[in-house]
Amino acid sequence: VLSMATTFTPISAEERAKREQALVATIAHLRIENLHLDKELKCIFQRNVDGEIGEEKLAAAIDELNERRFGPLPVSGNGRP
């Protein structure tokens, strides 16, 4: 998970509710496919729900976790995997 200290601007209750609903929907969709978020991924997503990290840092944290778990993703010359 991102190791650098982050400062954040608090999000509104409405934005927090929107993020929470998105996370609940994501978890439900994964369960339909018999897939589950592990504890580390849930923590990353919860940081986003809580407003600790925004979308850009959320994506970076997920990429960092995946790279630690699976190694770097090879990228072609055009910037696409």
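Hydrophobic clustering (side-chain heavy atoms under 4.5 Å, transitive across Ile, Leu, Val, Met, Phe, Trp, Tyr) keeps Val24 apart from Ile62. Leu41 is not connected to Phe70 by any chain of hydrophobic side-chain contacts under 4.5 Å among Ile, Leu, Val, Met, Phe, Trp and Tyr, and they are in different clusters. Leu37 and Ile32 fall into different hydrophobic clusters, where Ile, Leu, Val, Met, Phe, Trp and Tyr residues are linked whenever their side-chain heavy atoms come under 4.5 Å apart, directly or through other members.
Taking all atoms of both residues into account, the shortest heavy-atom contact from Ile53 to Leu58 is CD1-CA, 3.7 Å.
Distance CG/Leu30 to NE2/His36: 8.5 Å, rounded to 0.5 Å. The distance from atom CZ of Arg19 to atom CZ of Arg47, rounded to the nearest 0.5 Å, is 12.0 Å. Note that CD1 of Ile44 is 11.0 Å distant from CD of Glu52, once rounded to the nearest 0.5 Å. The distance from atom CG of Leu23 to atom NZ of Lys42, rounded to the nearest 0.5 Å, is 9.0 Å. Going from atom OG1 of Thr26 over to atom CZ of Phe45 covers 6.5 Å, rounded to the nearest 0.5 Å. Arg68 contributes atom CZ, which lies 5.5 Å from atom CD of Glu64 (distance to the nearest 0.5 angstrom).
Put simply, the side chain of Asp38 gets close to the backbone of Glu40: a donor and an acceptor are under 3.5 Å apart.
By the neighbour-count criterion of 12 heavy atoms within 6.0 Å, atom NE2 of His29 is sparsely surrounded, having that number or fewer from other residues, nucleotides or ligands.
Partners of Glu20 according to the salt bridge (charged side-chain N to carboxylate O under 4.0 Å, His left out) rule, which considers only residues two or more places apart in sequence or in another chain, are Arg16.
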